[in-house]
Amino acid sequence: MKNLEEYLEVHYDIVEFISDHLMTTWTDSSVIKQRYEAHGRGAMYELSKEWTDIFMRNYEDTEWGEDMEYYDTIGEFCWAKNKEV
């Protein structure tokens with residue numbers, strides 16, 4: 001892992017998205033809801049790590065603010081991953 005601080009920042013933002021989704025949105029087709037209902041809270045730990053690892057791989061060499069905007073990109077990433085059922 002190149003940068004623990006960056007990894008933790010991404011992980012935090014993904015956990016925040018998952019938590020917000022669990023508290024406010026309950027669509028039957030969401031990945032978050034389906035995993036939570038099938039496997040409980042522990043599945044949310046695994047899901048957040050899985051998404052963080054994917055995001056870090058996909059955007060490893062990105063210069064935030066120059067190439068792309070971080071918060072827009074991570075938001076779009078989370079919404080897209082949550083629709084993959």
Side-chain angles (χ1 to χ4, degrees):
M1 190 173 321
K2 286 170 82 172
N3 186 337
L4 180 59
E5 188 174 323
E6 183 179 345
Y7 186 92
L8 292 174
E9 180 181 350
V10 170
H11 186 72
Y12 175 85
D13 290 329
I14 288 174
V15 167
E16 184 177 45
F17 178 88
I18 290 171
S19 297
D20 287 349
H21 186 80
L22 285 172
M23 297 298 290
T24 60
T25 308
W26 283 98
T27 59
D28 290 333
S29 63
S30 77
V31 169
I32 294 169
K33 181 179 180 199
Q34 288 185 3
R35 286 220 194 160
Y36 183 80
E37 287 185 346
H39 305 287
R41 186 175 179 91
M44 299 301 93
Y45 302 138
E46 294 169 6
L47 183 64
S48 63
K49 183 181 181 315
E50 177 186 316
W51 286 7
T52 302
D53 291 345
I54 293 168
F55 187 89
M56 293 298 292
R57 272 194 312 273
N58 289 353
Y59 297 99
E60 182 176 8
D61 296 322
T62 302
E63 293 292 328
W64 298 113
E66 293 179 23
D67 296 339
M68 321 175 108
E69 290 298 322
Y70 171 75
Y71 290 107
D72 292 340
T73 304
I74 198 161
E76 291 167 5
F77 172 85
C78 288
W79 281 108
K81 295 303 290 179
N82 197 35
K83 292 179 183 176
E84 291 180 7
V85 178

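Numbers here are sequence positions counted from 1.
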Trainee: Could you tell me the separation between the CD atom of E6 and the NE2 atom of H11, rounded to the nearest 0.5 Å?
Mentor: 14.5 Å
Trainee: Please report the shortest heavy-atom distance between H21 and S30, naming the atom on each side.
Mentor: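 Closest approach of H21 to S30: NE2-OG, 3.1 Å.
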Trainee: Specify the closest pair of heavy atoms between V10 and Y70, including all atoms of both residues, with the distance to one decimal.
Mentor: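 Looking at all heavy atoms of both residues, the closest pair is CA-OH, 3.4 Å.
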Trainee: Is the closest basic N to carboxylate O distance between D53 and R57 below 4.0 Å?
Mentor: no
Trainee: Measure the spacing between CD of E69 and OG1 of T73 and express it to the nearest 0.5 Å.
Mentor: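 Nearest 0.5 Å value for the CD-OG1 distance: 7.5 Å.
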Trainee: Could you point out which residue of Y7, Y12, F77 forms a ring-ring contact (aromatic ring centres under 6.0 Å, His included) with F55?
Mentor: F77
Trainee: Could you tell me the separation between the NZ atom of K49 and the OG1 atom of T52, rounded to the nearest 0.5 Å?
Mentor: 8.0 Å
Trainee: Looking only at non-hydrogen atoms, find the nearest pair between Y59 and W64 and report the distance.
Mentor: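 Closest approach of Y59 to W64, heavy atoms only: CB-CZ2, 3.7 Å.
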Trainee: Can you see which heavy atom on C78 is nearest to which on I14, and at what distance?
Mentor: SG-CG1, 3.9 Å
Trainee: Looking only at heavy atoms, what is the nearest atom pair of Y71 and E9, with distance?
Mentor: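 Looks like OH-OE2, 4.0 Å.
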Trainee: Does the pair L22 and M44 meet the rule for a side-chain contact (heavy atoms from CB on, under 4.5 Å), with working shown?
Mentor: CA-CA 10 Å; L22 285 172; M44 299 301 93; 3.9 Å; yes
Trainee: In this structure, would W51 and Y45 fall into the same cluster of hydrophobic residues linked by side-chain contacts under 4.5 Å?
Mentor: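 Per the 4.5 Å side-chain linkage, W51 and Y45 are not co-clustered.
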Trainee: Nearest 0.5 angstrom please: N58 CG to M56 CE, how far?
Mentor: 11.0 Å
Trainee: As an exercise, state the distance from CE of M23 to CG of D20, rounded to the nearest 0.5 Å.
Mentor: 8.5 Å
Trainee: Please determine if R41 and E46 form a salt bridge, counting it only when a charged side-chain N lies under 4.0 Å from a carboxylate O.
Mentor: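 Not counted as a salt bridge, because no side-chain N and carboxylate O are separated by less than 4.0 Å.
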Trainee: Using atom types as modelled and distance alone, determine if a side-chain donor or acceptor of N82 lies under 3.5 Å from a backbone N or O of I32.
Mentor: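 Between the backbone of I32 and the side chain of N82 there is a qualifying donor-acceptor contact (under 3.5 Å).
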Trainee: Kindly determine whether Y36 and I18 satisfy side-chain contact (heavy atoms from CB on, under 4.5 Å), including the steps that lead there.
Mentor: CA-CA 10 Å; Y36 183 80; I18 290 171; over 6 Å; no
Trainee: Write down the atom of A43, the atom of H39, and the distance for their closest heavy-atom approach.
Mentor: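 Heavy-atom minimum between the residues: CB-CB, 3.5 Å.
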